[in-house]
K.L.:
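Got a structure for you, written out below as structure tokens; questions coming shortly.
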Amino acid sequence: MASFVTVTSPADPRLADYTRLRDVNLRKSLEAEHGLFLAEGEKVIRRAIAAGHPVRSLLMASRWTGPLSDVLDSVDAPVYVADDATLEGVTGFPVHRGALASLERLPLPSLGAVVKDARRILVLEDLVDHANVGSIFRCAAALGIGAIVLSPRCADPLYRRAVKVSMGAVFAIPYARMADRRGDLGELRAAGFTLLALTPDQGATPLDKAPLGDRAALLLGSEGDGLTSHWLDEADERVCIPMSPGALTAGVDSLNVTAAAAIACHALSRA
């Protein structure tokens, strides 16, 4: 059972896990050093704990101890209770969702283990925006994608912003991070995946006409530059989402990566 501790000072050292949540560089360093991540809001906290992540502590306004009482009864960790001003002083912003949890990261599985039983997967190359990564995880989980593979430079799915935007979907879909951004594409092909590179180039094969085969891996590129030339060349097929002729005439020749991912996941799930 959790132990309740009232805190009144943002400088309380017991709250170090929750310090300055909008300072991205600080958070990356702190979370990597201590092997932790933060979950924000009741739904996300519940999903993180249900996924098996050990709880280090929780920080919340007193009004949330009731709605989360069943969770608090099941964890052996301190629950720091503070007023809204103290919460904002610690985190650096108004905590509208009223509750945060600091949890331990679990070891990531290998690439082979993650894709072993999957038929449709996403492979993300150098997506560095945490909100976009969280959105793509939510799309993938909702539309039946079996796994996600991240290139070494991709944003951390367990960074607070990514977890929040995904609404906890980062805990619902298995993922792995590549060790070798070049060689691991070959490992996916050897496992029987057809590699489909999504590009805005309207000369590519329309996604709904692409040869998917029994197993398909859709490659998605970074927010600005898209897929690198190496990944485009490595793919078995370049595919596109056909754009409206009127949109092209108006100079709108592409979708943002999260919208493209949602459409592509739906197409993959129907095939």
K.L.:
Walk me through whether L219 and L185 qualify under side chain to side chain contact (heavy atoms under 4.5 Å, CB included).
P.N.:
CA-CA 10 Å; L219 315 184; L185 288 178; 4.1 Å; yes

K.L.:
Should we count CZ of R63 as having more than 12 external heavy atoms under 6.0 Å?
P.N.:
yes

K.L.:
Please round to the nearest 0.5 Å and tell me the distance separating atom CZ of F4 and atom CG of L58.
P.N.:
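Going from the CZ atom of F4 to the CG atom of L58 covers 9.0 Å.
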
K.L.:
Applying the 4.5 Å side-chain criterion to the ILVMFWY set and letting contacts propagate, would L218 and V114 be lumped into a single cluster?
P.N.:
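In one cluster with L218: V114, no.
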
K.L.:
Could you grab the distance from atom CZ of R238 to atom CG of L207, nearest 0.5 Å is fine?
P.N.:
15.5 Å

K.L.:
Do you know the tightest heavy-atom contact between A259 and L255?
P.N.:
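So the minimum-distance heavy-atom pair works out to CB-CB, 4.3 Å.
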
K.L.:
Are any non-hydrogen side-chain atoms of L124 and S151 less than 4.5 angstrom apart?
P.N.:
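They are not in contact (no side-chain heavy atoms under 4.5 Å apart), so the answer is no.
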
K.L.:
Report yes if the side chains of D236 and R189 come closer than 4.5 Å at any heavy-atom pair, otherwise no.
P.N.:
yes

K.L.:
I want to check something: taking the side chain as every heavy atom from C-beta on, are S57 and Y18 in contact at a cut-off of under 4.5 Å?
P.N.:
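Yes - at least one pair of side-chain heavy atoms lies under 4.5 Å apart.
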
K.L.:
Could you check whether any side-chain heavy atom of R153 comes within less than 4.5 Å of a side-chain heavy atom of L127, counting everything from C-beta outward?
P.N.:
no

K.L.:
Restricting to non-hydrogen atoms, name the atom on I148 and the atom on A140 that form the minimum distance, rounded to 0.1 Å.
P.N.:
CD1-CB, 3.9 Å

K.L.:
Find the distance between CD1 (I121) and CG (L111) and round it off to the nearest 0.5 Å.
P.N.:
7.0 Å

K.L.:
Determine whether a donor-acceptor pair (N or O, by modelled atom type, separation under 3.5 Å) exists between the side chain of R215 and the backbone of R120.
P.N.:
no

K.L.:
Counting distance only, does the side-chain N/O of S135 pair as donor-acceptor with the main-chain N or O of A131 below 3.5 Å?
P.N.:
yes

K.L.:
In the structure I gave you, are the side-chain heavy atoms of I45 and L103 within less than 4.5 Å of one another anywhere?
P.N.:
no

K.L.:
Side-chain atoms of residues 197-206: list all donor-acceptor pairs with protein atoms under 3.5 Å, sequence neighbours left out, distances to 0.1 Å.
P.N.:
{"from": "T199", "atom 1": "OG1", "to": "D201", "atom 2": "N", "distance (Å)": "3.1"}
{"from": "D201", "atom 1": "OD1", "to": "G203", "atom 2": "N", "distance (Å)": "2.9"}
{"from": "Q202", "atom 1": "OE1", "to": "M243", "atom 2": "N", "distance (Å)": "2.9"}
{"from": "Q202", "atom 1": "NE2", "to": "P200", "atom 2": "O", "distance (Å)": "3.1"}
{"from": "Q202", "atom 1": "NE2", "to": "I241", "atom 2": "O", "distance (Å)": "3.3"}
{"from": "T205", "atom 1": "OG1", "to": "E237", "atom 2": "OE2", "distance (Å)": "2.6"}

K.L.:
Might you point out which heavy atoms bring P174 and G146 nearest each other, and give the distance in Å?
P.N.:
CG-O, 3.3 Å

K.L.:
I'd like to know if V115 and I173 are part of one continuous hydrophobic network [Ile/Leu/Val/Met/Phe/Trp/Tyr, side-chain heavy atoms within less than 4.5 Å].
P.N.:
no

K.L.:
Would you list the pairs meeting side-chain hydrogen bond (donor to acceptor under 3.5 Å, both in side chains) in which at least one residue belongs to residues 155-164, sequence neighbours left out?
P.N.:
E40-R160, R105-D156

K.L.:
Determine whether V44 and S166 make a side-chain contact, defined as any pair of heavy atoms from C-beta on separated by less than 4.5 Å.
P.N.:
no

K.L.:
To the nearest 0.5 Å, what is the distance between CG (L100) and CG (L87)?
P.N.:
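Spacing of CG (L100) from CG (L87) equals 7.5 Å.
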
K.L.:
Closer than 3.5 angstrom, by distance alone: can the side chain of S69 be matched with the main-chain N or O of T65 as a donor-acceptor pair?
P.N.:
no

K.L.:
Search all heavy atoms of A155 against all heavy atoms of L150 and return the closest pair with its distance.
P.N.:
O-CD1, 4.4 Å

K.L.:
Taking the side chain as every heavy atom from C-beta outward, state whether V5 and V79 have any pair of such atoms under 4.5 Å apart.
P.N.:
no

K.L.:
Side chains of S9 and D12 only: does a donor on one sit below 3.5 Å from an acceptor on the other?
P.N.:
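Per modelled atom types, S9 and D12 side chains form no pair under 3.5 Å.
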
K.L.:
Quick one about T228 and E125 (side-chain donor to acceptor, distance below 3.5 Å, no hydrogens or angles considered), yes or no?
P.N.:
yes

K.L.:
How close do A179 and D184 get, heavy atom to heavy atom, and via which atoms?
P.N.:
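For A179 versus D184, the nearest heavy atoms are N-OD2, 3.0 Å.
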
K.L.:
Is it true that V81 and L72 fall in one hydrophobic cluster, defined by side-chain heavy atoms closer than 4.5 Å?
P.N.:
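Yes, V81 and L72 fall within the same hydrophobic cluster.
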
K.L.:
Check the pair V170 / L158 against side chain to side chain contact (heavy atoms under 4.5 Å, CB included), numbers first and verdict last.
P.N.:
CA-CA 7 Å; V170 294; L158 293 186; 4.1 Å; yes

K.L.:
Report yes if some heavy atom in the side chain of V149 is under 4.5 Å from a heavy atom in the side chain of L122; otherwise report no.
P.N.:
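No, too far: nothing below the 4.5 Å cut-off.
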
K.L.:
Kindly compute the distance separating CG (L268) from CG (L196), expressed to the nearest 0.5 Å.
P.N.:
7.0 Å

K.L.:
In terms of relative ring orientation, are F171 and F37 parallel, tilted or perpendicular, with 30° and 60° separating the classes?
P.N.:
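Rings of F171 and F37: tilted, as their planes differ by 30° to 60°.
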
K.L.:
Tell me whether the count of non-hydrogen atoms from other residues, nucleotides or ligands lying under 6.0 Å of CG in D76 goes above 12.
P.N.:
no

K.L.:
So M167 and R138, side chain to side chain contact (heavy atoms under 4.5 Å, CB included) or not? Walk me through it.
P.N.:
CA-CA 7 Å; M167 290 299 292; R138 189 173 182 182; 3.4 Å; yes

K.L.:
Does any donor atom in the side chain of D17 or S102 lie under 3.5 Å from an acceptor atom in the other side chain?
P.N.:
yes

K.L.:
Under 4.5 Å between side-chain heavy atoms, counting indirect links through other Ile/Leu/Val/Met/Phe/Trp/Tyr residues: same cluster for I49 and M60 or not?
P.N.:
yes

K.L.:
List the steps, then state whether side chain to side chain contact (heavy atoms under 4.5 Å, CB included) holds for L15 with T19.
P.N.:
CA-CA 7 Å; L15 305 182; T19 300; 5.8 Å; no

K.L.:
If you count the non-hydrogen atoms of other residues, nucleotides and ligands that lie under 6.0 Å from CG in D70, is the total more than 12?
P.N.:
yes

K.L.:
Are L195 and W231 connected, step by step, through hydrophobic side chains (Ile, Leu, Val, Met, Phe, Trp, Tyr) whose heavy atoms are closer than 4.5 Å?
P.N.:
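Yes, because L195 and W231 connect within a single hydrophobic cluster, where side-chain heavy atoms sit under 4.5 Å apart.
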
K.L.:
Rounded at 0.5 Å granularity, tell me how far CZ in R56 sits from CD in E104.
P.N.:
6.5 Å

K.L.:
To check you understand the geometry: which heavy-atom pair defines the closest contact between P54 and L106, and what is its length?
P.N.:
CD-CD2, 4.0 Å

K.L.:
Does any donor atom in the side chain of N256 or E223 lie under 3.5 Å from an acceptor atom in the other side chain?
P.N.:
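No donor-acceptor contact under 3.5 Å links the two side chains.
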
